[in-house]
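Working notes, beginning with the structure itself.
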Amino acid sequence: MKIRRLHPWNLSCKDAIAVQRRLCGQVWQAPLKKPVRTIAGADVSYAKEGGKVYAAVLVFSFPDLVLTDEALAADTVEFPYVPGLLSFREAPVLAKALRKIPRKPDVIIFDGQGTAHPRGMGLACHMGLITECPSIGCAKTRLVGIHPRLPETRGSTVLLTDQGRVVGGVVRTRDHVKPVFVSPGHAITLEESIRLVLGCCKGYKLPEPTRQAHIAVNRFRLEGGRLAHC
DNA sequence: GCGACAG
DNA sequence: ATCTTGTCGC
């Protein structure tokens with residue numbers, strides 16, 4: 001699939017924040033225009049040292065969740081991990097893997113926040129803009145916002161609010177297991193994001209697309225990041 | 001100044 | 001995120 005280059009990635013933190021403030025005005029939320037038939041999951045893995053990063057994008061049919069496409073990529077990182085600027089560290093390698101996907105998925109789930117971000121511009125929003133593809137942010141932990149207590153039963157959901165604004169939802173995907181933080185990335189609504197994430201959970205805390213991408217990218221990294229070819 | 005802080 | 005073994009609870 002095609003990826004847009006909206007700006008350079010090797011920026012200072014100050015310039016990166018300026019880019020986020022400019023781009024957040026281009027992010028929008030609206031109901032999906034067509035039923036979801038394919039949904040992808042993307043994740044990144046880092047080498048302990050050496051600055052090597054790896055990415056995996058796995059595409060599944062929905063709602064049956066059968067794997068249909070897979071792409072891997074390796075790269076070197078220069079941008080440090082700074083809370084709030086994760087996309088400047090992970091987007092380049094993610095874009096590299098996404099470019100190898102033959103057809104644009106109906107939705108892509110990313111391992112991180114969407115609008116539940118200090119400037120409403122989390123990784124999922126940023127990726128949604130450069131791919132022009134509906135995207136969802138599904139993080140394992142909170143970055144910003146407050147929320148009421150969440151019932152222990154699977155399917156329970158409460159709103160995540162930041163500065164008086166609803167920025168996402170806290171979703172229990174398994175009984176008695178820490179919840180995930182779901183927020184829309186781009187071209188999708190919070191309600192649809194939550195429905196799709198729950199629809200992709202098959203007995204584990206993380207939705208299958210993201211969970212499988214995590215397994216795939218770690219296997220790839222441990223193999224030395226060598227792309228298999230026949 | 002003191003905590004909080006996606007991966 | 002990564003480095004690591006077993007272990008407690010549903």
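A, B, ... follow the sequence lines: proteins, then strands. Residue 1 opens every chain. What you see below is based on every heavy atom in this structure, not just the backbone, and it leaves out hydrogens, waters and symmetry mates.
In terms of modelled atom types and a separation under 3.5 Å, the side chain of A:Glu192 and the main chain of A:Leu32 share a donor-acceptor contact. The backbone N or O of A:Val59 lies less than 3.5 Å from a partner atom in the side chain of A:Thr68, making a donor-acceptor pair.
Other residues, nucleotides and ligands contribute more than 12 heavy atoms inside 6.0 Å of the CZ atom of A:Arg4.
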> When Watson-Crick pairs (N1 to N3 and N6-O4 or O6-N4) and G-U wobble pairs (N1-O2 and O6-N3) count only below 3.5 Å on both distances, what is the dot-bracket string of DNA chain B, with | for other-strand pairs?
Replying inline: .......
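Nearest-nucleotide positions on DNA chain C place A:His214 closer to the 5' end than the other of A:Arg174 and A:His214. When the nearest nucleotides of DNA chain C are assigned to A:Ala47 and A:His176 by heavy-atom distance, the more 5′-ward of the two goes with A:Ala47.
Side-chain contact, A:Arg172 with A:Ser156: no donor N or O sits under 3.5 Å from an acceptor N or O. Between the side chains of A:Tyr81 and A:Glu90, no donor-acceptor pair is found at a separation under 3.5 Å. In the model, A:Ser45 has a side-chain atom that pairs as donor or acceptor with a side-chain atom of A:Asn218 under 3.5 Å.
Paired regions of DNA chain C, requiring three or more successive Watson-Crick or G-U pairs whose two hydrogen-bonding distances fall under 3.5 Å, are not present.
Protein chain A touches strand DNA chain C; the 5'-most and 3'-most nucleotides with an atom under 4.0 angstrom of its non-hydrogen atoms are C:dA1 to C:dC10. Taking a heavy-atom distance under 4.0 Å as the criterion, the stretch of DNA chain B touched by chain A extends 5' to 3' from B:dA4 to B:dG7.
Cluster note: A:Val66 groups with no other residue, as no ILVMFWY side-chain heavy atom lies under 4.5 Å from it.
Residue contacts shown for A:Leu85 include a base, since a base heavy atom lies under 4.0 Å away. No engagement by A:Gly137 is indicated, since no non-hydrogen atom pair under 4.0 Å with the nucleic acid exists. Residue-level contact check: A:Arg154 touches neither bases nor backbone, having no heavy atom under 4.0 Å from any strand. Heavy atoms of A:Tyr46 sit under 4.0 angstrom from primed sugar atoms or phosphate atoms, though from no base atom.
Note that the CE atom of A:Met127 and the CZ atom of A:Phe110 stand 4.5 Å from one another [nearest 0.5 Å]. Interatomic distance, A:Arg195 CZ to A:Thr189 OG1, rounded to the nearest 0.5 Å: 8.0 Å.
Under the 30°/60° scheme for interplanar angles, the aromatic rings of A:His186 and A:Trp28 are found to stand perpendicular.
Remark: A:His117 pairs with no residue by the ring pair (Phe, Tyr, Trp, His ring centres under 6.0 Å) rule, at least two apart or across chains.
For the pair A:Arg89 and A:Phe79, the NZ or CZ position fails the cation-pi test of under 6.0 Å to the six-membered ring centre and within 45 degrees of the ring normal.
Of the listed residues (A:Asp111, A:Ile108, A:Val180), just one forms a side chain to side chain contact (heavy atoms under 4.5 Å, CB included) with A:Thr210, and that residue is A:Asp111.
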